[in-house]
Amino acid sequence: MKTLPLQGKSILVTRGKEQANEFSAKLRKAGACPIEIPLISISAVTEREHVEKCLSRLSSYRWLVFTSANGVRFFFSFITDKTKLPHVAVVGTKTAHALEKRGIHPDIIPDRFVAEGLAQAMKAAIEPGDRILLVRGNLARQNLKEELAELGAEVTDLVVYETHLNESGKEELFHLLSKRAIDIMTFTSSSTVQSFMQMVEGENWQELIESCVIACIGPITKHTAEQFGLTVHICPDQYTIDDMIEAMEKFFINR
């Protein structure tokens, strides 16, 4: 029987609890042993009045832009599936799939699943004065809003969810790292990196992770990790969980 490249590898899953299950299931299928320690928690914004007021004017926008699947999930907690939407653009396939489950097919999906790719993809579709509603989380970068504004659009930020540090698994994390029980640490967003660094602040974290392979889902997350001094060993060309797992497999095949 052929041995899988990730067979028996202990892989730390740091993404939020709601999204960890799918990732872990795919890792198990690849032969790995996922360890779920969510470093972030995600919840709807507490200030609902602003969101509801903004969505009451949804028909005044020409474009609705989603930057994450979480944005889709929390956006639809404020409206019904029957609400008429403007043209829709998304940052990547994962976000598109979240919409397609609701029977909504995005008008624009960029080739590069980052904010810069979406702005470029929308360039030909935006007319001066177009009103765009940008749905995002509280930690999302501001560059997409700025780039769309440079194209002549009037952009409104709509924060529908908040990401916070989750320290509930801190003791377990330190125990596993001290025992060298983690082969691969995965980061699927800049916020997971930032939360990890907050958690290990003041500790000798370089020694704790020296035997770990670090995998980031895309260039933005990788850049954040490197800014903190982490060495990133794996970063896929396409920024999805499936491509991340494939990149991990290739890493151990070639190692």
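Numbering of residues begins at 1 and proceeds along the displayed sequence.
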### Message
Checking His223 against Gln227: is there a side-chain donor and acceptor pair closer than 3.5 Å?
### Response
yes

### Query
Sub-3.5 Å donor-acceptor pair from the side chain of Ser178 to the main-chain atoms of Phe174, do we have one?
yes

### Query
Mind checking whether Met199 and Lys170 have side chains closer than 4.5 Å, heavy atoms only?
yes

### Task
Without swapping roles, check the side chain of Thr93 against the backbone of Ala96 for a donor-acceptor pair under 3.5 Å.
no

### Summary
Between Pro110 and Val90 the two heavy atoms that sit nearest each other are CD-O, 2.9 Å

### Message
For a quick test of reading the model, state the closest non-hydrogen atom pair linking Leu6 to Ile11 and the distance between them.
### Response
CD1-CD1, 4.3 Å

### Task
Write down the atom of Leu134, the atom of Leu144, and the distance for their closest heavy-atom approach.
CD1-CD2, 3.6 Å

### Task
Determine the sole option in Ser191, Ser189, Ser190 for which the side-chain hydrogen bond (donor to acceptor under 3.5 Å, both in side chains) test with Thr224 is passed.
Ser190

### Task
Please report the closest heavy-atom contact between Pro106 and Ile104, naming both atoms and the distance.
CD-O, 3.6 Å

### Task
Please confirm whether the backbone N or O of Pro34 pairs with a side-chain atom of Ser24, one donor and one acceptor, at under 3.5 Å?
no

### Task
Nearest 0.5 Å please: distance from the CD atom of Glu203 over to the CD1 atom of Ile209.
13.0 Å

### Task
Output yes when Lys250 and Glu246 qualify as a salt bridge under the 4.0 Å nitrogen-oxygen rule, no when they do not.
yes

### Query
Between the main-chain N or O of Leu177 and the side-chain N or O of Arg180, is there a donor-acceptor pair closer than 3.5 Å?
yes

### Query
Would you say the side chain of Cys216 lies within less than 4.5 Å of the side chain of Tyr239, judging by non-hydrogen atoms?
no

### Query
Is the backbone N or O of Thr192 less than 3.5 Å from a side-chain atom of Ser195, with the two atoms forming a donor-acceptor pair by type?
no

### Summary
One should read off an interatomic distance between Leu58 CG and Leu133 CG, to the nearest 0.5 angstrom, of 6.5 Å

### Message
If we ignore hydrogens and angles and just use 3.5 Å, is the side chain of His233 paired with the main-chain N or O of Val213 as donor and acceptor?
### Response
no

### Query
Salt bridge check: are Arg15 and Glu36 linked by an N-O gap of less than 4.0 Å?
no

### Query
Does any non-hydrogen side-chain atom of Arg136 lie less than 4.5 Å from one of Val159?
yes

### Query
Looking at side-chain heavy atoms only, is the closest gap between Phe78 and Val160 below 4.5 Å?
yes

### Message
Does any part of the side chain of Lys222, heavy atoms only, come nearer than 4.5 Å to the side chain of Leu230, both counted from C-beta?
### Response
no

#### Entry: Heavy-atom closest pair, residues Leu165 and Ser41
O-OG, 4.5 Å

### Task
Starting at CE of Met185, measure out to CD1 of Ile37 and round the result to the nearest 0.5 Å.
9.0 Å

### Message
Check the orientation of His87 and Trp63. Use parallel for under 30°, tilted for 30 to 60°, and perpendicular for over 60°.
### Response
tilted

### Query
Roughly how far, to the nearest 0.5 Å, is the OH atom of Tyr61 from the CG atom of Leu85?
13.5 Å

#### Entry: Note, Met244 side chain near Ile234 side chain (heavy atom, < 4.5 Å)
no

### Message
Is it the case that the side chains of Ser168 and Asn166 hold a donor-acceptor pair, with the cut-off being a distance below 3.5 Å and no angle test?
### Response
yes

### Task
Say whether Phe187 and Ile40 are linked into one hydrophobic cluster, either directly or through other cluster members, by side-chain heavy-atom distances under 4.5 angstrom.
no

### Task
Hey, could you give me the CZ/CZ distance between Arg73 and Phe66, rounded to the nearest 0.5 Å?
13.5 Å

#### Entry: Side chain Asn138, main chain Thr163, donor-acceptor under 3.5 Å
yes

#### Entry: Worked verdict on Leu64 versus Phe75 for side chain to side chain contact (heavy atoms under 4.5 Å, CB included)
CA-CA 11 Å; Leu64 179 61; Phe75 176 84; 3.9 Å; yes

### Query
Hey, is CG on Asn204 packed in by over 12 heavy atoms from elsewhere, all under 6.0 Å?
yes

### Summary
Heavy-atom closest pair (Ile245 atom, Lys26 atom, distance to 0.1 Å) is CD1-CB, 3.6 Å

### Message
Before you tell me yes or no, could you show the steps for Lys145 and Ile132 under side chain to side chain contact (heavy atoms under 4.5 Å, CB included), namely the whole-Å CA-CA distance, both residues' side-chain angles and the distance that decides it to 0.1 Å?
### Response
CA-CA 9 Å; Lys145 179 180 180 180; Ile132 298 177; over 6 Å; no

### Message
I'd like to know if Lys94 pairs up with Glu22 as an ion pair, taking the criterion as any Lys NZ or Arg NE/NH1/NH2 lying under 4.0 Å from an Asp or Glu carboxylate oxygen.
### Response
yes

### Message
Determine whether Val135 and Phe74 satisfy the following criterion, side chain to side chain contact (heavy atoms under 4.5 Å, CB included), listing intermediate values before the conclusion.
### Response
CA-CA 9 Å; Val135 179; Phe74 288 103; over 6 Å; no

### Message
Do Phe228 and Val200 have side chains that approach each other closer than 4.5 Å (heavy atoms only, starting at C-beta)?
### Response
no

### Task
Would you check if Ile184 and Ile182 make a side-chain contact, meaning some heavy-atom pair closer than 4.5 Å?
no

### Query
Checking Asp130 side chain against Glu127 main chain: does a donor-acceptor pair fall under 3.5 Å?
yes

### Query
Which value, rounded to the nearest 0.5 Å, describes the distance between Leu173 atom CG and Glu167 atom CD?
11.0 Å

